[in-house]
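Take a look at the structure below.
Numbering of residues begins at 1 and proceeds along the displayed sequence.
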Amino acid sequence: MLAIQKMGEKFDSNLASMSSKIGEQMTKLALKDDIGELKAEIGSMAHSMGSLRAENQALKEELEKLRNDRERDRKELNPIIEQNNNRNIILKGLQKDKANKKDIEELLLRKMEMPQARIRNSKILFERNKKVGVLVELETADMAMEALKNGRKLVGSSIYIERDLSLEKQERKLILLQLKKNLRS
């Protein structure tokens, strides 16, 4: 009988231990209220994601419209910029102290024999080996063409003259020069 009583006590002890473990596990389980709250939060998140998707789509469309507008503006401005560039020349190989407007007008008048040449503006573009490249804006495109024609009068000096090209034309010129160099090799 004592053995039966010990078995009963052991059974009661195990039952109490299991009951306490089940109680602990039950407190960890989500209740219906918790599940309801989670569903509400998920619904709210889904609604927010839908709003964000719509906003993202609207921003993509606006970005595309801005890109198209920029491209249209660029196409409209290119002829205007090119027309303005037609009156520009670039003088390379000038001494830095001779790269001012007065000295450039003197160069055009004396060496290039252009008494009617009038400079609107000049700007140093770069400096290499104590020599500079200067962008010269003349009054008219005809003056620029005449300066380019009279550029041969600079032969023998360290100064040479170029047309002011758009970026696109500069890239094409660079490619052609590279091709010419490769063909000579």
Side-chain angles (χ1 to χ4, degrees), residues 46-185:
H47 178 70
S48 296
M49 285 180 63
S51 297
L52 289 172
R53 281 188 183 116
E55 183 180 349
N56 189 22
Q57 184 62 33
L59 289 172
K60 284 180 181 179
E61 290 169 2
E62 185 177 345
L63 179 63
E64 186 61 30
K65 182 183 179 295
L66 288 172
R67 284 182 180 153
N68 291 337
D69 289 348
R70 182 184 67 191
E71 187 61 32
R72 186 189 73 240
D73 290 346
R74 185 177 290 148
K75 285 179 181 177
E76 290 174 3
L77 283 175
N78 276 345
I80 295 168
I81 291 170
E82 195 161 316
Q83 183 180 13
N84 190 37
N85 284 354
N86 285 342
R87 63 177 168 223
N88 294 348
I89 57 173
I90 297 175
L91 292 172
K92 295 181 178 179
L94 292 171
Q95 296 292 330
K96 188 172 184 178
D97 61 335
K98 299 282 186 187
N100 57 52
K101 188 175 175 181
K102 180 183 172 206
D103 288 333
I104 294 171
E105 281 182 340
E106 190 69 25
L107 171 77
L108 293 174
L109 176 65
R110 303 281 182 243
K111 279 198 173 186
M112 298 177 69
E113 300 170 0
M114 293 179 58
Q116 77 287 2
R118 300 289 175 257
I119 296 176
R120 279 187 172 183
N121 196 8
S122 66
K123 175 179 152 185
I124 294 177
L125 296 174
F126 61 87
E127 181 178 354
R128 283 189 206 120
N129 301 328
K130 298 181 183 177
K131 303 272 184 170
V132 295
V134 180
L135 175 69
V136 180
E137 182 182 355
L138 298 169
E139 287 292 327
T140 66
D142 291 337
M143 285 181 196
M145 287 301 294
E146 186 177 343
L148 290 167
K149 287 177 187 174
N150 290 346
R152 66 183 179 279
K153 294 177 181 176
L154 295 174
V155 172
S157 71
S158 64
I159 302 168
Y160 60 99
I161 187 170
E162 288 183 353
R163 181 184 309 268
D164 182 24
L165 301 174
S166 67
L167 287 176
E168 187 177 297
K169 288 182 179 180
Q170 286 177 18
E171 290 170 359
R172 279 191 256 151
K173 180 181 176 183
L174 186 64
I175 291 169
L176 288 172
L177 288 173
Q178 187 65 36
L179 182 62
K180 183 178 176 182
K181 182 180 176 183
N182 291 343
L183 289 175
R184 286 185 180 174
S185 300

### Query
To the nearest 0.5 Å, what is the distance between CZ (R118) and CG (L138)?
11.0 Å
### Message
Taking atom CZ as the centre, does R72 end up with more than 12 heavy-atom neighbours from other residues, nucleotides or ligands that are less than 6.0 angstrom away?
### Response
yes
### Message
Are there over 12 heavy-atom neighbours, none belonging to E71, within less than 6.0 Å of that residue's CD?
### Response
yes
### Query
Would you find a donor on one side and an acceptor on the other, under 3.5 Å apart, between the side chain of N150 and the backbone of M112?
yes
#### Entry: pair D103-D97: side-chain heavy atoms closer than 4.5 Å
no
### Task
Measure the shortest side-chain to side-chain distance between I161 and I90 over non-hydrogen atoms and say whether it is less than 4.5 angstrom.
no
### Query
Hey, does Q95 have a side-chain heavy atom less than 4.5 Å from the side chain of K131?
yes
### Query
Is atom CD of E62 surrounded by more than 12 heavy atoms (other residues, nucleotides or ligands) closer than 6.0 Å?
no
### Heavy-atom closest pair, residues L109 and P115
CD1-CA, 3.4 Å
#### Entry: K98 NZ: over 12 foreign heavy atoms closer than 6.0 Å
no
### Query
Is it the case that more than 12 heavy atoms not belonging to K111 sit under 6.0 Å from its NZ atom?
no
### Query
Side-chain contact, heavy-atom cut-off 4.5 Å: R163 with M145?
yes
### Query
L148 and E162: which non-hydrogen atoms are nearest, and at how many Å?
CD2-C, 3.7 Å
### Query
Does any non-hydrogen side-chain atom of K180 lie less than 4.5 Å from one of L176?
no
### Query
Looking only at heavy atoms, which two atoms of I104 and A99 are closest? And how far apart?
CD1-O, 3.9 Å
#### Entry: Among E146, E139, E137, the one residue meeting salt bridge (Lys or Arg N to Asp or Glu O under 4.0 Å) with R87
E137
### Task
Could you tell me whether the side chain of L66 reaches within less than 4.5 Å of the side chain of R70, counting heavy atoms only?
no
#### Entry: Heavy-atom donor-acceptor pair, N100 side chain to K102 backbone, under 3.5 Å
yes
